[in-house]
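First listed ligand is number 1; within each ligand, the first listed atom is number 1.
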Amino acid sequence: MAEATPPLTQPHAATPPLTPMSLATLLGRIDHEWTSRKKIFDLPTARFWKPDPEIDLGFEFLGRPCATPIGPAAGPHSQLAQNIVLSWLGGSRLFELKTVQIIDDLEIARPCIDMQTIGYNIEWSQELTVPQSLTEYVKASMLLEMLREWEPIAELVGTDPGAHVFDMSVGYDLAGISDEKVATFISGMRDASAEIEKLRPEIAGAAGGAFAHLADLEFNPHISGTLTLSTFHGCPPEEIESITKHLIDVHDLDVIVKLNPTLLGYETVAGIVNDELGYTDVPVKEQAFADDLHFERGIELIGELNEYAKERGKKFGIKLTNTLVVDNQKGFMPDETMYLSGPPLHVLAMTLLDTLSTALPGQLDVPGHDGEIMVSFSAGITKDNLCDALATGVNPATVCSDLLKPGGYGRLAPMLRNLTTELRDSGHTNLTSWRAARQTSAAAAGHATTAAEHVRVIRGEGIEPYHLTGNEKLPRVVDNELEMFGCVACNFCVTVCPNDAFTNIKSLPGVDAMNGRQQYLVFSELCNDCGNCLTFCPEEGDPAVIKPRLYTDPELFAAREGQGYLLVDGRIVDHRGPDPSVPLIQQLLDSQAGNPLAAALSADGAADGEA
Ligand SMILES: Cc1cc2nc3c(=O)[nH]c(=O)nc-3n(C[C@H](O)[C@H](O)[C@H](O)COP(=O)(O)O)c2cc1C
């Protein structure tokens with residue numbers, strides 16, 4: 001493992017870590033990026049997903065049509081509106097939204113994401129206030145509806161991009177979930193008419209009227225009718241039971257319970273992670289197993305909650321899995337405990353699927369059992385294992401860690417292209433018949449189910465991508481100190497940032513101070529110092545701290561420390577940083593076709609800072 005990198009030096013003072021951009025600003029960015037560089041939120045068109053009309057990748061998510069079986073897992077990719085748009089452009093159709101919980105002024109320590117090898121994080125909750133989360137999700141839903149109708153990209157996303165589903169996620173105890181604050185959030189997601197009418201007036205004037213014809217669109221006020229309960233670590237069984245019943249009874253929701261890998265028991269988990277997969281230095285936290293739901297009770301609970309939902313005309317599902325609690329032995333992130341995700345979690349979650357489906361014969365909705373309890377999945381999904389994972393019957397396969405690797409949201413469309421090819425090459429036009437054929441061939445090879453077959457492979461001859469030896473390689477480094485202008489221009493800071501807080505602009509020709517082809521700038525309002533760009537930047541230094549930090553909110557600019565440039569109406573009006581950099585940054589912004597980028601970030605339209 002690499003040397004621990006020192007923590008970031010950008011204190012937040014008392015300011016919130018994220019300030020969402022207004023709907024008008026986001027529309028301004030979409031239009032400007034599209035007209036000037038054929039990108040949306042820095043995603044190039046080659047990474048947009050266009051469905052193949054002959055291959056149906058759709059499935060039913062708790063009874064709702066959903067056009068593809070992938071999407072972001074609750075996490076940094078499903079928190080801000082532009083993140084959700086990026087996921088949709090990449091082909092996601094199921095969005096497990098970032099978990100909302102009552103304590104919404106949490107201070108998450110930094111850095112909070114470490115994707116250097118496998119995946120670790122300490123970011124366990126939303127960083128927006130609860131009302132802000134509602135606005136973001138409604139904004140995202142409106143943006144998707146507008147993009148579906150936006151002629152310039154029609155050819156690239158297809159005439160029918162297919163249905164999508166927003167799945168809420170809440171945590172972490174009954175008291176918090178039944179509080180008025182969270183209850184108002186849930187009812188606002190069920191009927192967002194008021195929120196939509198608050199946002200609608202921003203559309204007509206945005207981007208010089210480029211979206212004015214969509215200002216009267218009949219936006220769907222029903223943003224979500226399903227919810228995944230993030231039980232997190234240490235949530236007792238009685239609490240899981242009472243929260244699920246509360247969500248069904250009070251909010252009339254279809255509910256999924258997200259389970260933890262601890263359900264497998266300490267010996268099995270430590271045996272897989274430390275012995276089989278070779279992560280001898282990952283200390284699995286034994287105490288977490290005592291506090292979490294135990295297997296026998298878990299089996300009973302799944303059956304009971306399914307019956308409870310069914311009797312009330314609702315649907316119930318499970319999700320495998322949340323992260324694994326381990327001791328923080330790396331020291332890159334500050335907390336004592338951290339949460340493991342990525343390749344080793346895939347082996348744990350698939351083993352759990354196999355074990356649970358055997359213990360609940362005929363109950364899970366997976367091939368070989370064909371029961372009614374839907375199984376959603378998130379654990380180490382990549383382009384290479386997506387097909388085998390979906391063949392096990394999980395619906396959908398959501399992704400988090402893989403999208404935090406270089407390429408970011410651009411990694412989604414290749415996953416779907418692979419899946420389309422797999423179906424076509426095996427002579428199928430939909431997931432159901434393809435899965436049935438996979439089950440038949442698994443059975444012919446002596447496996448009870450496709451899940452059992454997949455587990456046999458990933459814990460046997462196909463172990464390498466999950467084993468320590470397949471995950472030891474560290475991100476590339478070059479022996480060069482990162483500077484404000486010029487760098488190797490790998491673009492990693494842009495693609496690994498889940499918030500699209502970085503943007504790049506072509507260098508100004510003939511300006512000596514600006515070596516390198518591309519210059520990188522940070523939208524400070526969107527940067528929460530998660531540390532992911534620091535991990536992947538090949539040069540020495542933290543891009544989020546060193547690259548020019550643009551502010552549009554004077555209060556935020558005043559409250560933060562470190563270099564920064566305050567923009568008002570596209571002009572730099574104040575700065576902390578070397579004076580000679582000011583004209584250079586201004587020229588860079590002005591080089592953007594009459595400066596619409598900076599104008600889009602002007603004070604009146606930019607930061608939607610209301611708490
Ligand atoms: C940075 C980060 C933040 C996350 N935040 C949440 C969260 O708010 N709620 C939740 O239920 N799971 C959260 N997760 C867990 C993911 O939703 C997912 O279940 C897990 O990471 C396994 O998927 P993966 O291996 O593809 O990352 C988070 C994971 C990461 C890496």
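- Around atom 22 (C) of ligand 1, the closest heavy atom drawn from L324, L345, V100 belongs to L345.
- In this structure, the side chains of E422 and R438 come closer than 4.5 Å at one or more pairs of heavy atoms.
- Within the 4.5 Å cutoff, side-chain heavy atoms of V284 are placed close to those of F289.
- Any N or O atom pair closer than 3.5 Å counts here, and T323 shares no such pair with ligand 1.
- Heavy atoms of N322 come nearer than 4.0 angstrom to ligand 1 in at least one pair.
- K330 pairs in a salt bridge (Lys or Arg N to Asp or Glu O under 4.0 Å) with only one of the listed residues (D114, D335, D281), which is D114.
- Annotation for ligand 1: atoms under 4.0 Å from non-hydrogen atoms of K98 are 3 (C), 4 (C), 5 (N), 6 (C), 7 (C), 8 (O).
- For atom 18 (C) of ligand 1, the nearest non-hydrogen atom of the protein is S378 OG, 3.5 Å.
- Ranking the protein heavy atoms by distance from atom 13 (C) of ligand 1 puts A74 O, 3.0 Å first.
- Here is the list of ligand 1 atoms found below 4.0 Å of a heavy atom in T321: 19 (O).
- Against a heavy-atom cut-off of under 4.0 Å, G342 is close to the following atoms of ligand 1: 25 (O).
- At least one side-chain heavy atom of F95 sits under 4.5 Å from a side-chain heavy atom of W88.
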Inset, instruction - Give the intermediate values and the outcome of side-chain contact (heavy atoms from CB on, under 4.5 Å) for residues R459 and E276. - result: CA-CA 8 Å; R459 292 177 68 180; E276 279 184 42; 2.6 Å; yes
Inset, instruction - Check the pair E96, K319 against salt bridge (charged side-chain N to carboxylate O under 4.0 Å, His left out), reporting the backbone distance first and the verdict last. - result: CA-CA 11 Å; E96 190 199 2; K319 179 158 191 180; 2.4 Å; yes
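- Tested against T262 for a side-chain hydrogen bond (donor to acceptor under 3.5 Å, both in side chains), the candidates D291, D292, T321 yield a single pass: D292.
- In this structure, a donor-acceptor pair under 3.5 Å is absent between the side chains of N322 and T231.
- A salt bridge links R297 with E304: at least one charged nitrogen is closer than 4.0 Å to a carboxylate oxygen.
- Side-chain contact of N471 with Y279: a donor-acceptor pair under 3.5 Å is present, judged by distance alone.
- Nearest protein heavy-atom contact of atom 31 (C) of ligand 1 is N121 ND2, 3.4 Å.
- Distance from atom 11 (O) of ligand 1 to its nearest protein heavy atom, with residue and atom name: S230 OG, 2.7 Å.
- For G119, the closest heavy-atom approach to ligand 1 does not fall below 4.0 Å.
- In summary, the atoms of ligand 1 found under 4.0 Å from a heavy atom of I113, numbered by their order in the structure, are 1 (C).
- For ligand 1, the atoms closer than 4.0 angstrom to any heavy atom of S341 are 21 (O), 25 (O), 27 (O).
- Listed by number with element, the atoms of ligand 1 under 4.0 Å from a non-hydrogen atom of P76 are 1 (C), 2 (C), 3 (C).
- Not close to ligand 1: T228, with no non-hydrogen atom less than 4.0 angstrom away.
- The shortest contact between atom 25 (O) of ligand 1 and any protein heavy atom is with G380 N, 2.7 Å.
- Side-chain contact between L364 and I318: present, with at least one pair of heavy atoms (C-beta onward) separated by less than 4.5 Å.
- K258 NZ, 3.1 Å is the protein heavy atom nearest to atom 12 (N) of ligand 1.
- Here the heavy atom of the protein found nearest to atom 27 (O) of ligand 1 is S401 OG, 2.6 Å.
- The shortest N or O to N or O distance between C400 and ligand 1 is below 3.5 Å.
- Ring to ring, H346 and F377 are close: their centroids are under 6.0 angstrom apart.
- Looking only at heavy atoms of the protein, atom 7 (C) of ligand 1 is closest to T99 OG1, 3.4 Å.
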